[in-house]
Amino acid sequence: QQKVQQSPESLTVSEGAMASLNCTFSDGTSNNFRWYRQHSAKGLEVLVSIFSDGEKEEGRFTAHLNRANLHVSLHIREPQPSDSAVYLCAVSHNYAQGLTFGLGTRVSVFP
Amino acid sequence: NAGVIQTPRHKVTGKGQEATLWCEPISGHSAVFWYRQTIVQGLEFLTYFRNQAPIDDSGMPKERFSAQMPNQSHSTLKIQSTQPQDSAVYLCASSPGQKYAEQFFGPGTRLTVL
């Protein structure tokens with residue numbers, strides 16, 4: 001059964017500094033990786049989806065995938081206070097499966 | 001495009017009562033997913049429909065939980081004899097179904113069992 005773990009549990013960054021979030025997974029045959037953001041009392045917003053090793057950039061959000069190391073990361077460039085939220089890593093073996101989520105990283109961005 | 005619609009947004013039931021949660025997927029999407037979110041367990045996959053057919057219910061509790069998709073415009077999640085441990089936010093997501101397609105999540109239904 002897939003296990004997804006995120007670190008750190010919480011992260012405080014200054015506005016404009018880089019924020020880096022980590023996610024490890026247990027099934028090396030997974031090929032569907034997504035980062036979501038969840039603001040309090042709001043739905044999930046997909047930020048970046050990545051399906052092969054390497055880097056994928058969507059605006060200020062960049063995901064790095066290394067399946068050999070069972071690791072996917074998210075980097076937030078020039079974070080703003082409005083980026084304060086819980087960030088969730090989601091993984092599945094293929095697109096036709098439900099996603100397995102990590103418990104999230106709570107990011108707080110201060111001016 | 002109104003996005004995925006879930007009703008009700010909040011539901012309070014007494015222990016032992018039945019709860020039915022509704023999901024209206026984005027028009028044209030062929031896949032519908034149900035998830036449950038709690039503080040302790042996080043977001044957990046429950047079940048998945050494709051073209052209204054049940055595909056994977058590996059996350060559904062074996063008792064008291066059932067899901068249906070009678071037509072392409074809505075799906076329901078029914079919990080019989082609700083228990084306090086069923087209290088959670090239940091999220092529905094829909095997807096166009098193609099390879100690598102995104103799952104778009106609704107706002108969720110917060111179920112509280114007293």
Side-chain angles (χ1 to χ4, degrees), chain A residues 1-10 21 23-27 30-54 56 58-59 61 63 65 72 85-106, chain B residues 1-7 9-10 23-26 29-51 53-60 67 75 77 88-110:
Chain A
Q1 185 176 354
Q2 177 85 260
K3 294 190 190 311
V4 177
Q5 293 185 304
Q6 291 187 240
S7 64
E9 288 187 15
S10 63
L21 289 66
C23 174
T24 59
F25 51 94
S26 60
D27 182 354
S30 301
N31 61 12
N32 186 9
F33 304 86
R34 306 183 191 272
W35 283 97
Y36 287 86
R37 176 167 69 182
Q38 187 173 35
H39 286 106
S40 297
K42 292 189 179 180
L44 274 70
E45 171 192 9
V46 63
L47 299 172
V48 184
S49 299
I50 187 166
F51 312 108
S52 57
D53 286 347
K56 175 82 176 292
E58 296 282 358
F61 302 96
L65 174 62
V72 59
V86 175
Y87 288 75
L88 295 163
C89 172
V91 180
S92 71
H93 181 68
N94 62 59
Y95 76 101
Q97 282 184 335
L99 295 164
T100 300
F101 284 82
L103 291 179
T105 293
R106 181 173 295 279
Chain B
N1 188 341
V4 175
I5 297 172
Q6 291 190 247
T7 54
R9 293 293 309 275
H10 303 273
C23 171
E24 180 179 330
I26 294 171
H29 283 192
S30 61
V32 171
F33 300 81
W34 284 95
Y35 295 86
R36 175 171 65 180
Q37 186 173 30
T38 61
I39 297 292
V40 174
Q41 301 291 338
L43 249 168
E44 302 173 286
F45 166 73
L46 294 176
T47 189
Y48 157 47
F49 294 84
R50 185 180 181 87
N51 294 323
I55 302 298
D56 180 2
D57 66 354
S58 59
M60 289 280 273
S75 175
L77 179 68
V89 176
Y90 290 83
L91 292 161
C92 175
S94 73
S95 170
Q98 297 100 337
K99 193 174 184 180
Y100 304 133
E102 305 290 355
Q103 292 185 27
F104 296 88
F105 282 78
T109 294
R110 180 175 296 277

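A, B, ... follow the sequence lines: proteins, then strands. Residue 1 opens every chain.
Qualifying ring-ring contact (aromatic ring centres under 6.0 Å, His included) partners for B:Phe45, counting only residues two or more places apart in sequence or in other chains: B:Tyr35. For B:Arg36, the salt bridge (Lys or Arg N to Asp or Glu O under 4.0 Å) partners at least two apart in sequence or on another chain are B:Glu44.
Heavy atoms of B:Leu46 lying under 4.5 Å from chain A are absent altogether. Proximity to chain A (any heavy atom under 4.5 Å) is restricted, for B:Gln37, to the side chain, taken from C-beta onward. Proximity to chain A is absent for every atom of B:Val89, based on heavy atoms less than 4.5 angstrom apart.
Within the model, atoms CD of B:Glu102 and OH of A:Tyr36 stand 6.0 Å from one another, a figure rounded to the nearest 0.5 Å. For the atom pair B:Ser58 OG and A:Gln1 CD, the distance stands at 8.0 Å (nearest 0.5 Å).
Shown here for A:Leu88 and B:Leu43, the closest heavy-atom pair between the two residues is CD1-CD1, 3.9 Å.
Just one residue in the list A:Leu99, A:Leu44, A:Val46 forms a side-chain contact (heavy atoms from CB on, under 4.5 Å) with B:Gln103, and that residue is A:Leu99.
By the 6.0 Å contact criterion, CD on A:Gln5 is open, its count of non-hydrogen atoms from other residues, nucleotides or ligands being 12 or less.
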